[in-house]
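Contents: one structure, followed by commentary.
We use all heavy atoms of the structure for the numbers below, so side chains are in, but hydrogens, waters and symmetry mates are not.
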Amino acid sequence: MIDAKRLESIVSEAGRIALDLWPGAGNDVRTWEKTPGSPVCEADLAVDAFLKRELGALLPAAGWLSEETVDDPARLDRDLIWLVDPIDGTRDFIRGRPGWAVSVALISAGRPLIGSLCAPARNEVWQATAGQGSWRNGKKLTSSKREEFSGARVPAADLMKQDQMLEKVYQPNSIALRMAMVASDEADLVATLRWGFEWDIAAAALIAREAGAAVSDAFGRKLNYNKRDPREFGMVVSAPGIHSATVAHLADRASSLASK
């Protein structure tokens, strides 16, 4: 259906474009805020434009949904769509830190078929195809197999009082890279309790799932994509053995926050 090598080349080139503008490599980058507290930079737009052109040429039948493009409702009539975050982890990008990635997913009938993350500042390429496993730099991934919730490794700078039974590990700004850490057994659990957009999680959710992780929204429900309102409330990616315990641990907070 799709030229996998060409797709890999496109995503890698998008990563190179971003890296050539990254302050961590000594470059100056123009930044501003789309809305208060929501930073964007010229690299976001450059990568977005490149991917829209190249992915559109690769698969003309597919619709388009991206963080940096005005949403076109025509995507709702397409079975296939590209779901893109040109730079996930913009704050790390702007600060010259390596915790950012280009995120690309191909969605069919609400489910991810292909997911790719390119994190060039970390020399990492993550890939997954539905039913075929997931890989980082050509090495097949196997997710965390932890069975006990207490002591689970979670990428976090700080932990709330009610979460002190967990163990902090390094936290990249990119939520996609944090999710991928469960796929590579560098974390046992990643969870959010806020409304978030599909483009933030689609590629990484497939990478984690294909590595054997459990993936859901904050209430334990299956994730769906290409919705009219392209958001989900929260996300849980974890070792399968602690997924139910995680959802239960978060249940009261999730119910309270989702209604706000």
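Identified under the side chain to side chain donor-acceptor pair (under 3.5 Å) test for residues 47-62, with sequence neighbours left out: Arg6-Glu54, Asp48-Ser66, Asp48-Thr69.
Looking at Ser259, its side chain does come within 3.5 Å of a backbone N or O of Ser256 through a donor-acceptor pair. Asp217 places no side-chain N or O within 3.5 Å of a backbone atom of Lys222 that could act as its donor or acceptor partner.
Between Glu186 and Arg153 there is no salt bridge, since no side-chain nitrogen of the basic residue lies less than 4.0 Å from a carboxylate oxygen of the acidic one. Taking 4.0 Å as the cut-off between side-chain N and carboxylate O, Arg136 and Glu124 count as a salt-bridged pair. We find that Glu210 and Lys140 are not joined by a salt bridge, their nearest charged nitrogen and carboxylate oxygen being 4.0 Å or further apart.
Every residue two or more places apart in sequence or in another chain that forms a side-chain hydrogen bond (donor to acceptor under 3.5 Å, both in side chains) with Ser174 is listed here: Asp88. Not a single side-chain hydrogen bond (donor to acceptor under 3.5 Å, both in side chains) links Asp92 to another residue, sequence neighbours left out. Considering only residues two or more places apart in sequence or on other chains, Ser116 meets the side-chain hydrogen bond (donor to acceptor under 3.5 Å, both in side chains) condition with none of them.
Clustering of Ile, Leu, Val, Met, Phe, Trp and Tyr by side-chain heavy atoms under 4.5 Å joins Val169 with Met181.
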Table please: side-chain donor-acceptor pairs of residues 190-197 below 3.5 Å, with sequence neighbours left out.
{"from": "Thr192", "atom 1": "OG1", "to": "Met235", "atom 2": "N", "distance (Å)": "3.1"}

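The hydrophobic cluster containing Leu80 does not contain Leu65, counting ILVMFWY residues as joined when their side-chain heavy atoms lie under 4.5 angstrom apart, directly or transitively.
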